[in-house]
Amino acid sequence: MDFSVENLIKAASAAREGAYAPYSGFKVGAAILTTEGHCYTGCNIENASYGLSCCAERVALFKAVSNGERDFEAVAVTSGTDGYCAPCGACRQVLAEFNPAMKVYMVNKQGEYRLLTVAELLPVAFALKKYSQ
Ligand code: THU
């Protein structure tokens, strides 16, 4: 990829600064890379009605999709913690919609990462086309 993994991780870390997480105090940043080399970032945005909160990964993906992007090759996610930040189940399903083979870099506060694909994180994802007659 043109955009290096290091740059994707830096973009995710920078995006984390924008997190609005007054309820959990857990700030997350994400950066998603298109196959053409465009990068879109997101942070988690919480709400007083907790269930309306949105994860960093979905904010980044929705920004990209709303800009006309459809093809993604990688996403980096960081919570600036000792542990590697793994996407929640809802985000895995939303990422799988666009590319189950997408690489997911789960990053810790040292900038080290674990790498798995969306399909590895969410085997047997729901896809409507599997049920068409
Ligand atoms: N969160 C994310 O933004 N991404 C993840 O991968 C895990 C969880 C957010 C949701 C909520 O705002 C906070 O982290 C605590 O769950």
Side-chain angles (χ1 to χ4, degrees):
M1 66 179 91
D2 264 6
F3 207 86
S4 69
V5 174
E6 287 69 27
N7 284 341
L8 198 64
I9 290 172
K10 277 185 196 154
S13 298
R16 183 175 170 267
E17 300 299 320
Y20 176 73
Y23 303 104
S24 71
F26 192 78
K27 296 185 171 190
V28 184
I32 192 160
L33 182 65
T34 71
T35 49
E36 288 187 338
H38 300 142
C39 176
Y40 294 83
T41 60
C43 58
N44 55 329
I45 303 171
E46 298 185 345
N47 191 272
S49 178
Y50 296 172
L52 301 183
S53 302
C54 194
C55 293
E57 297 91 320
R58 272 177 284 163
V59 172
L61 180 73
F62 292 166
K63 281 168 68 177
V65 171
S66 66
N67 270 278
E69 305 285 3
R70 295 291 184 272
D71 301 314
F72 302 98
E73 67 175 60
V75 61
V77 52
T78 181
S79 50
T81 52
D82 286 333
Y84 302 97
C85 191
C88 77
C91 288
R92 294 175 195 200
Q93 176 67 34
V94 172
L95 293 167
E97 175 79 17
F98 291 92
N99 181 13
M102 195 187 314
K103 296 182 182 80
V104 182
Y105 293 92
M106 296 168 279
V107 183
N108 70 9
K109 77 174 176 203
Q110 278 79 33
E112 300 156 342
Y113 60 80
R114 266 194 80 185
L115 172 60
L116 289 171
T117 65
V118 170
E120 286 168 329
L121 288 166
L122 184 67
V124 202
F126 177 74
L128 210 47
K129 63 182 177 225
K130 289 180 190 166
Y131 305 96
S132 56
Q133 304 291 321

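Note that ligands are numbered from 1 as they come in the structure, with each ligand's atoms numbered from 1 the same way.
Residues C54 and V59 approach most closely at SG-CG2, 3.9 Å, considering heavy atoms. For the pair T117 and A101, the tightest heavy-atom approach, listed with the atom from each and the gap, is CG2-O, 3.9 Å. P123 and E120 make their closest contact through CD-O, 3.8 Å (heavy atoms, listed as atom of the first residue, atom of the second, distance).
Looking at residues two or more places apart in sequence or on another chain, you find a side-chain contact (heavy atoms from CB on, under 4.5 Å) between T41 and A11, A15, A31, C39, K63. Among residues two or more places apart in sequence or in another chain, the side chain to side chain donor-acceptor pair (under 3.5 Å) test is passed with E112 by N108.
Sorted by chain then number, the residues whose non-hydrogen atoms approach ligand 1 to under 4.0 Å are S24, F26, V28, N44, E46, C55, A56, E57, C85, A86, P87, C88.
The hydrophobic cluster containing I32 also includes F26, V28, Y40, L61, F62, V65, F72, V75, V77, Y84, V94, L95, F98, M102, V104, M106, L116, V118, L121, under a criterion of side-chain heavy atoms closer than 4.5 Å among ILVMFWY residues, counted directly or through chains of members.
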